Amino acid sequence: MFSALVVGWFDQHGRKDLPWQKNTTPYRVWVSEIMLQQTQVATVIPYYQRFMKTFPSLKKLAHADIDQVLHLWTGLGYYARARNLHKTAVLIDTQFRGRFPTTVTELIDLPGIGQSTAGAIVSLSKGDWAPILDGNVKRVLARVHCIEGWYGHRKTADQLWALSHCYTPKMRTAAFNQAMMDLGATVCTRGKPNCTQCPLSAVCLAHQTQQETQFPQPKPKKTIPIKSVSMLVLRNSQQELLLEQRPPMGIWGGLWSFPEFKDHSALQAYCQQSPILKQNKVKLLAKLRHTFSHYHLEIEAWYLDTVKKPNKIMEDRQLTWYNPKQPSTLGLPSPIQKLIKKTTEEI
DNA sequence: AAAGCGTGGTG
DNA sequence: TCACCAAGCTT
């Protein structure tokens, strides 16, 4: 009954023309599911198109340079997704002889693939039975059954998984899963759910009691801290900018950024002790605030012209000259990309 | 369990 | 301007 309502709605109103809904190979579905983690469809589409054009097959991705993968991920965020995608491609290419695993059990052992992503890959690409539980499905199910609590809590998540497990039909699993996500994204939205268009309104407990927006219960809110950093924008006579590769772990892992100091005086001290930098004074290029999910970052960017490349700034960090006119294929954090643009326009 | 991990859109 | 949050996974 439940699934018939959902699948019936899908046949009439579901989305069937998204880029990853054509030629639904496990590889293509996998890439789309990773990009779609915590990221909306409209944001993903251009990234997905570029990615598939560059890496049309798992083999191509496995043989690619990680810098090129991160380059195509620039601006999309959660860069561990890109690193895991590449790592997994290499793993499948070498350990699985290029055969993409097609069971949930095998898939969840791979880096970056959890229960829901594994279920999506299996159902959407093979049509096999597997439940999913992404943000959309959580919202729909939490409303239909008035599930209390935030789904970051184990108990709440377990209840929702149990519901997804029960409702997911053996037949037309792919249509059902896709429909549940579409429903959450287009009808059962967070702020103003469009219950008149919903195939589940007759069986939805939240709707019957007019408590649609009471569910799901929001994440307990916390005030996030403010951190600050000073960045050194060094430019050589060919208008190239000095970038430093960030360590693999932590924020912006593996991406290229300007050399960082804890504040302006630490940056100043570095320049003073450097024979090739000490004659000139740094000038303020920009102050900007960048917000992550877990903290605000106040960035001061100071620029300086130099004739020579400093041999090192931080221990074990690669340095490279970046030419904005002929950009290299490497990953850049979003605010760094903005700062680079600013240098080409203003200095 | 709770925190780390991005970014752009929205009201 | 700012809080909130969207197709989660890892530690």
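Given the structure is predicted, the values throughout are model-derived calculations rather than measurements. In the text below, chain A, chain B and the rest are named by the order of the sequence lines, each starting its count at 1.
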- Query: If you look at every strand shown and take non-hydrogen atoms under 4.0 Å, does A:Val44 touch a base, only sugar-phosphate, or nothing?
  - Reply: nothing
Quick one: which of [options] gets closest to the side chain of [X]?
X        : options             : value
A:Gln38  : C:dG8, B:dT7, B:dA1 : C:dG8
A:Gln40  : B:dG4, C:dA7, C:dA6 : C:dA6
A:Phe292 : B:dG6, C:dA6, C:dA3 : B:dG6
A:Ser116 : C:dC9, B:dC5, C:dA7 : C:dC9

Atom [atom1], compared across [N] and [M]: separation rounded to whole Å:
N      : M     : atom1 : result
C:dC4  : B:dA3 : P     : 16 Å
B:dG11 : C:dA7 : P     : 15 Å
C:dC9  : B:dG8 : P     : 23 Å

- How about A:His86 and A:Trp73: are their ring centres within less than 6.0 Å of each other? no
- Item | Phosphate OP1/OP2 of C:dA7: any A:Lys138 side-chain N/O under 4.0 Å | no
- Message: Any carboxylate oxygen within less than 4.0 angstrom of a Lys/Arg side-chain nitrogen, looking at A:Arg246 and A:Glu260?
- Response: yes
- Query: Between the side-chain atoms of A:Ser334 and the base atoms of B:dG8, is any donor-acceptor pair under 3.5 Å?
  - Reply: no
